[in-house]
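Structure, as C-alpha cells:
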Amino acid sequence: MQTDLQDKCGVIGVYAYDESIDVASWIYSGLYTIQHRGQESAGISVLKEGRINTHVGMGLVSDVFDNDLLDILNGNVGIGHVRYSTTGDSSYENCSPFVENRDDILISMGHNGDIINSKILREKLRDEGYSFKSTTDSEVICYMIIDEYKKNHDAVESIKTVCGQLIGSYSLVILINGILYAVRDPLGMKPLSLGRDDEIVMIASETVAFDSLGLEYIRSLNPGEILEINEGVETSYYLPKCEHTANCMFEYLYFARPDSIIFDKSVYDVRLNVGRILAKEYPIDADVVIAVPDSSIPATLAYSRESSIPYAEGLIKNRYVGRTFIMPTQKDRDLAVKLKMNTLDQVIKDKRVVVIDDSIVRGTTSKTIVKMLRDAGASEIHMLVGCPEIIAPCYYGIAMATKEELLAVDRTNEEIRELIDVDSVGYISIDGLVEAIGTPRDDLCLGCITEEYPTITPPELDDE
C-alpha cells in the first residue's frame, strides 16, 4: 500500500442492443467496482434521441449519483469515468466524461492514461481557434477528433488520424453520434476489456466490472484496436502495429484489483508469483510474515507458503479512510498513515517480522509503518518489496514522485535500510518481476525502474 501513488482513471462503456434498456445503472455499478482507480471525481454520459445527457461531480461514485439522477439519465448507450488527476488539476472543470457538440459531431469521451505531447497539441488547437474549458488531455483529444471529423465525416478515420499524433498511453471510451468506440494505444499500456451477456456489451478498465454484473469476460482489447459497437454489430479496426507492447507493470503490482484479469492475465496469480519469487531471492530466518494491506496480501501469502514462515495479520487497515487522504506536512502524513492502519501488537511483540509491501516510492509511508512496528515491540523488521527500486518518474498516467523525491535514487540498499530503520531490505529483481508477470520483458513498460521508456518522454520533447 503506497499512498504516494495515483493512477490516472478508470473507464466504462455500455451498449444495450435493446433500445428500451437504460444503461446508466449498469455504468454506475461498473464504476463502483473500479472506484479504486479514481476517487477525485466521477461522471456518466448517456445518449438518448440524439442528445447526450451527462452528470459529473467531485467525489466518490456514491457521492456523485443517487437513484433520482440515474433515473433521468436515460439511454441505451453510454460511458462512465472515475478520475485521479495527472494531467490537469483536481477540479470540477476537469471532471469527465468530456462532452462537446459542434460541427455535426456529438462526442463524449473518457480517458485512462496520459498524453505526453498534450501541451504541444493543445497549443496547435489554440492556434486554430479552439478555446479550452479544462486543463485535461481528454479535451485535447476530443477537439482533435472534431477537427478531423469536419474534414472526412468518418469517425473511425478521424480516430485513426488523431491517435497517430498522440504520444503516450490511452485507453478510451468514446461516444460519437450514438456509436460507442473503445480504443487502446498501439503499445497496450493500459488495460481495457470486453464483456457481455445476451443484451449488454460492456467495455471496462478491469474485468471486476463484468463479474459484479453477471457478464461474461470475452477478451482484452488488442493493442491498437478500435472497437466500434453500433446497432448490434461489433467491428474492429486497427492502428498501425508496434513491434512490441508495453503493458504497465504497476497495474499488476498495485492498481488493479486482485480479482481482475488485465492484459489477459490474472492479477492475483501474478501477485502470488511475486511472493514466491521473493521467498527464493530473500530467504530470511523470521517468526512471522505480514502484509502492508491490501495489494501485497497475495504476495505475502505466497511468501509464507514458500518459506514456511507463518502468515499473520499484523497491520489492520481502516477501510473508511480513502486513498486521497493527502496531508501537507510530514507530521500530518504520518498521522494519515496511522489513521489508515493500526498494528496488532500481540502478533508483532518480540517477533522477528518480515513485512511485504508492493512498492516503495518516497519511503515516507514505509518509515511510518516501520516505526509503528517498532513501537509494537518487533525484535527485528525485514522489509521486502514486490517491485524493484523505483528510480525514475512515470510519464504514462501514474502520479509518481519527481526523480529527486524517489527514495532509491542515488542510494544503495544499505543506505535505504538505514533510512527506513529496518534490519534488512530486499527488492524483487527485475528478472524476478518479469518472471512473476510471465510476459516477455520487451512487452512490459518498466520505465520507472530502468529509465528505458517505450516512447519519447517530456524532457526529450522539451529539447526538440
Side-chain angles (χ1 to χ4, degrees), residues 1-4 253-254 258 271-321 325 330-387 389 407-408 411-429 432:
M1 183 213 75
Q2 280 296 331
T3 54
D4 304 319
L253 300 183
Y254 178 74
R271 292 180 185 173
L272 287 177
N273 291 339
V274 166
R276 177 179 55 80
I277 291 167
L278 276 173
K280 290 182 177 180
E281 293 185 342
Y282 298 100
I284 296 171
D285 188 13
D287 302 308
V288 66
V289 57
I290 67 172
V292 178
D294 284 321
S295 49
S296 60
I297 290 174
T300 307
L301 287 168
Y303 185 94
S304 172
R305 294 168 188 165
E306 190 75 21
S307 67
S308 298
I309 300 173
Y311 168 85
E313 290 186 89
L315 292 166
I316 306 299
K317 185 177 180 181
N318 178 357
R319 302 186 187 279
Y320 298 94
V321 179
F325 198 158
Q330 185 58 51
K331 182 178 179 180
D332 289 338
R333 285 192 290 269
D334 291 345
L335 175 61
V337 175
K338 291 176 181 177
L339 286 172
K340 295 182 90 167
M341 277 183 293
N342 193 26
T343 54
L344 202 56
D345 293 7
Q346 59 266 44
V347 169
I348 295 163
K349 185 174 176 57
D350 299 325
K351 298 291 199 314
R352 298 168 298 172
V353 179
V354 175
V355 56
I356 296 180
D357 206 349
D358 51 64
S359 57
I360 297 179
V361 183
R362 295 179 180 89
T364 52
T365 301
S366 299
K367 285 189 283 188
T368 303
I369 289 171
V370 170
K371 185 178 185 306
M372 290 168 63
L373 296 174
R374 294 282 188 208
D375 292 344
S379 61
E380 295 178 13
I381 301 173
H382 304 273
M383 176 75 75
L384 297 182
V385 190
C387 175
E389 294 91 328
L407 179 69
R411 287 191 178 95
T412 65
N413 278 16
E414 175 59 22
E415 289 171 331
I416 292 170
R417 183 197 68 77
E418 292 180 357
L419 197 62
I420 63 176
D421 189 29
V422 290
D423 294 272
S424 70
V425 63
Y427 294 83
I428 194 171
S429 65

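Reckoned from all heavy atoms, side chains included, excluding hydrogens, waters and symmetry mates. All of these numbers come straight from a predicted model, not from anything done at the bench.
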Please examine the side chains of Val292 and Thr300, heavy atoms only from C-beta on, and report whether any two atoms are closer than 4.5 Å.
no
Hey, what do you get for OH (Tyr282) to OG (Ser424), rounding to the nearest 0.5 Å?
9.5 Å
By side-chain hydrogen bond (donor to acceptor under 3.5 Å, both in side chains) - contacts of Glu380 (at least two apart)
His382
Using the test salt bridge (charged side-chain N to carboxylate O under 4.0 Å, His left out), find all partners of Arg374 that sit at least two apart in sequence or belong to another chain.
Asp421, Asp423
Would a distance-only check, ignoring hydrogens and angles, find a side-chain to backbone donor-acceptor pair under 3.5 Å from Arg271 to Ala299?
no
Measure across Ala376 and Ile348 and return the closest heavy-atom pair with its distance rounded to 0.1 Å.
CB-CG2, 4.0 Å
Exercise: identify the closest heavy-atom pair between Ser304 and Val289:
CB-CG1, 3.6 Å
Taking only residues two or more places apart in sequence, or in another chain, which ones meet Thr412 in a side-chain contact (heavy atoms from CB on, under 4.5 Å)?
Glu414, Glu415
Which atom names give the shortest non-hydrogen contact between Val274 and Gly386, and what distance separates them?
CG1-CA, 3.6 Å
Does Ser379 have any side-chain hydrogen bond (donor to acceptor under 3.5 Å, both in side chains) partners at least two apart in sequence or in another chain, and if so, which?
none
Do you know which two heavy atoms are closest between Ala286 and Ile309, and how far apart they sit?
O-CG2, 3.9 Å
Look up atom OH in Tyr311 and atom CZ in Arg305, then write down how far apart they are to the nearest 0.5 Å.
10.0 Å
Heavy-atom side-chain contact between Thr368 and Met341 under 4.5 Å
no
Among residues at least two apart in sequence or on other chains, which ones pass side-chain contact (heavy atoms from CB on, under 4.5 Å) with Ala302?
Leu272
How long is the straight-line distance from CG of Asp358 back to CD1 of Ile428, given to the nearest 0.5 Å?
12.0 Å
Determine the sole option in Val353, Val354, Leu278 for which the side chain to side chain contact (heavy atoms under 4.5 Å, CB included) test with Ile284 is passed.
Val354
With side chain to side chain donor-acceptor pair (under 3.5 Å) as the rule and sequence neighbours excluded, what pairs involving residues 342-352 come up?
Asp285-Arg352, Asp287-Arg352, Thr343-Asp345
Does some side-chain heavy atom of Ile360 sit less than 4.5 Å from a side-chain heavy atom of Ile416?
no
Indicate yes or no: at least one non-hydrogen side-chain atom of Ile420 is less than 4.5 angstrom from one of Leu407.
yes
Apply side-chain contact (heavy atoms from CB on, under 4.5 Å) to Glu306 and list each qualifying residue two or more places apart in sequence or on a separate chain.
Arg276, Ala279, Lys280
Among Ile369, Val370, Ile290, find the one that has a side chain to side chain contact (heavy atoms under 4.5 Å, CB included) with Ile381.
Val370
Would you name the heavy atoms of Pro298 and Ser295 that are closest together and state the gap between them?
CD-O, 3.6 Å
Nearest heavy-atom approach of Leu253 to Cys387 is CD1-CB, 3.6 Å
Any heavy-atom pair between the side chains of Val355 and Asp357 that's under 4.5 Å?
no
Report the distance from atom OH of Tyr303 to atom CG of Leu384, rounding to the nearest 0.5 Å.
5.0 Å
